[in-house]
Amino acid sequence: MKKHLFIIILAISSCQSFKAQDKKIAEECMQKADFKCAEEQYTKLAEKEHIQKFQSDYYNNLGTAQRRLGKVPAAFKSYESALRSNPMSPSVYANLGSLHNQKGSKTKALEYLNSGLKIDEQNAEMYLTRSKVYENLGKKDLAEKDLNQILTFAPDNIFARTGLANFKKRNGDLEGSLKDYNQLLSEKPESLLYNGRADVYIKLKKYKEALVDVNKAISIDPKFSQSYVTKALILFDTAKDKEACASLDKAVATGYEKGALADQYAKCVKK
């Protein structure tokens, strides 16, 4: 009897060890941005898992890997499987809300985000996504309210603070946006923030200040492709088309999708 019990315990222990190893491999694949590998590993983990909470986590991560691979229908199915396994998972609601928003179903996105926020009323990610949905629907007061709501429980949340600065910029309050960026940069001089303030300066037609900021952003992070796009916009606006086109090439070389720059490249006349 003791021998049989020992064999059962050994089998369970071996099974748990294999699961832990598979999970580690899956996590490493995600960290390396090897999403094909992550998809394979999380598929195996989800199919073998019997504890619903863990199974939900695996399906959720599987959906994210598939989303990164551009497999949107598969990602939807994985997120929905994750929700069936654990209907109380805020991260699944956040992912479904984000994906529906990305694919244009604003009503569906709001349904998932509202449901998720009932479970976790201090989930910054869902407020950020819902703010975008509201703004796209023209509900600017609600969009701004969600960003400010984040700051009531996470006053240092950089995404909410830059979100408010960008919200003001998009809606014509350029001086308010500039003030926000000045404050943010006094606390944390990062490339993303310098690039954001440069964009405000462009809209204010303060090209000298914009160029200083965007060059600062590039010096901090030469691989931040958005800064090269911003620099190109400044150069185009100041009639330096040749330099602007060179900056677009640097943006593409550092990872920016060339197809998204078709309008800008149309200004580049090759001789």
Side-chain angles (χ1 to χ4, degrees), residues 64 90-91 93-95 97-102 106 109-110 112-114 116-231 233-234 251 254-256:
T64 299
S91 62
Y93 284 104
N95 282 327
S98 174
L99 191 52
H100 274 292
N101 179 49
Q102 181 186 333
K106 309 301 179 189
L110 283 177
Y112 282 111
L113 294 167
N114 290 339
L117 284 167
K118 288 177 183 176
I119 297 168
D120 182 3
E121 61 183 17
Q122 292 192 352
N123 188 297
E125 182 183 354
M126 281 192 276
Y127 279 115
L128 287 167
T129 304
R130 194 172 71 172
S131 177
K132 292 176 186 175
V133 177
Y134 279 143
E135 189 171 0
N136 288 334
L137 291 171
K139 299 180 179 182
K140 295 180 181 180
D141 55 335
L142 293 177
E144 188 174 14
K145 182 180 177 182
D146 270 359
L147 293 173
N148 281 311
Q149 181 63 30
I150 296 170
L151 299 180
T152 64
F153 60 83
D156 295 325
N157 187 290
I158 191 69
F159 299 107
R161 294 178 70 191
T162 54
L164 277 168
N166 290 327
F167 177 85
K168 291 175 184 177
K169 177 177 64 178
R170 287 191 297 271
N171 290 283
D173 183 8
L174 296 178
E175 292 300 334
S177 179
L178 184 59
K179 182 179 178 182
D180 287 351
Y181 269 113
N182 288 341
Q183 180 60 43
L184 285 162
L185 280 163
S186 71
E187 299 170 14
K188 189 175 287 189
E190 293 185 350
S191 58
L192 178 68
L193 298 176
Y194 276 112
N195 183 75
R197 190 171 69 176
D199 193 42
V200 178
Y201 279 134
I202 292 172
K203 288 176 169 54
L204 288 167
K205 299 190 183 303
K206 294 184 176 182
Y207 298 113
K208 182 179 178 181
E209 292 88 341
L211 194 58
V212 169
D213 268 5
V214 80
N215 283 333
K216 183 68 175 175
I218 291 169
S219 70
I220 293 172
D221 183 4
K223 294 182 179 180
F224 183 40
S225 60
Q226 180 61 53
S227 292
Y228 294 106
V229 177
T230 303
K231 186 171 183 176
L233 297 178
I234 299 167
T254 50
Y256 207 95

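Quantities reported herein were computed from a predicted structural model and do not represent experimental measurements.
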**Report entry** Close side-chain approach of K179 to K168, heavy-atom, < 4.5 Å
**Finding:** no
Report task. Look up atom CD in Q149 and atom CE in M126, then write down how far apart they are to the nearest 0.5 Å. Result -> 12.5 Å
Query - From CG (N215) to NZ (K231), nearest 0.5 Å - result: 4.0 Å
Query raised in the report: Below 4.5 Å, heavy atoms only, C-beta onward: do L137 and L110 meet side chain to side chain?
Result: yes
Query raised in the report: Is the closest side-chain heavy-atom distance between T254 and F224 below 4.5 Å?
Result: no
Query raised in the report: Taking the side chain from Y127 and the backbone from E121, do they hold a donor-acceptor pair closer than 3.5 Å?
Result: yes
Query raised in the report: Are side-chain heavy atoms of K216 and R197 found at a separation under 4.5 Å?
Result: no
Requested in this report: Drop me the distance from N123's CG to I150's CD1, to the nearest 0.5 angstrom.
Outcome: 9.0 Å
**Report entry** Distance-minimising heavy-atom pair for Y256 and S225
**Finding:** CD1-OG, 3.6 Å
Report task. Over all heavy atoms of both residues, which pair between A251 and V229 is shortest? Give the atoms and the distance, please. Result -> CB-CG2, 3.7 Å
Requested in this report: Begin from the C-alpha positions of L192 and Q226 and carry the test side-chain contact (heavy atoms from CB on, under 4.5 Å) through to its verdict.
Outcome: CA-CA 9 Å; L192 178 68; Q226 180 61 53; over 6 Å; no
**Report entry** Taking every non-hydrogen atom, the tightest pair across P90 and I119
**Finding:** CG-CG2, 4.0 Å
Query raised in the report: Under 3.5 Å, side chain of T129 to main-chain N/O of E125, donor-acceptor pair present?
Result: yes
Requested in this report: Decide yes or no on side-chain contact (heavy atoms from CB on, under 4.5 Å) for L174 and K169, but give the supporting numbers first.
Outcome: CA-CA 5 Å; L174 296 178; K169 177 177 64 178; 4.1 Å; yes
**Report entry** Residue from N182, L184, D213 passing side-chain contact (heavy atoms from CB on, under 4.5 Å) with L193
**Finding:** L184
Query raised in the report: Between atom CG of D199 and atom OG1 of T230, what is the distance when rounded to the nearest 0.5 Å?
Result: 6.0 Å
Query raised in the report: Minimum heavy-atom separation for N195 to A217, with atom names?
Result: N-CB, 4.0 Å
Query raised in the report: If every non-hydrogen atom of F167 is compared with every non-hydrogen atom of E135, which pair is closest and at what distance?
Result: CD1-OE1, 3.6 Å
Query raised in the report: Are side-chain heavy atoms of Y207 and I202 found at a separation under 4.5 Å?
Result: yes
Query raised in the report: What is the distance from atom CG of L151 to atom CG of D156, rounded to the nearest 0.5 Å?
Result: 9.0 Å
Requested in this report: Check whether any side-chain heavy atom of E209 lies under 4.5 Å from a side-chain heavy atom of V212, and answer yes or no.
Outcome: no
Requested in this report: Kindly say whether E144 contributes a backbone atom to a donor-acceptor pair with the side chain of N148 at under 3.5 angstrom?
Outcome: yes
Requested in this report: Answer whether the closest heavy-atom distance between the side chains of Y112 and N95 falls below 4.5 Å.
Outcome: no
Requested in this report: Might you point out which heavy atoms bring I220 and E190 nearest each other, and give the distance in Å?
Outcome: CD1-C, 4.2 Å
Requested in this report: Quick one: do E187 and R161 satisfy side-chain contact (heavy atoms from CB on, under 4.5 Å)? Show the steps, please.
Outcome: CA-CA 12 Å; E187 299 170 14; R161 294 178 70 191; 2.7 Å; yes
Query raised in the report: Considering only heavy atoms from C-beta outward, does the side chain of N166 approach that of D180 to under 4.5 Å?
Result: no
Query raised in the report: R130 and N101: side-chain donor and acceptor closer than 3.5 Å?
Result: no
**Report entry** Pairwise distance CG(D141) to OH(Y134) - rounded to 0.5 angstrom
**Finding:** 9.5 Å
Requested in this report: Determine, step by step, whether L117 and Y93 satisfy the side-chain contact (heavy atoms from CB on, under 4.5 Å) criterion, reporting the C-alpha distance in whole Å, the side-chain angles of both residues, the deciding distance to 0.1 Å, and the verdict.
Outcome: CA-CA 9 Å; L117 284 167; Y93 284 104; over 6 Å; no
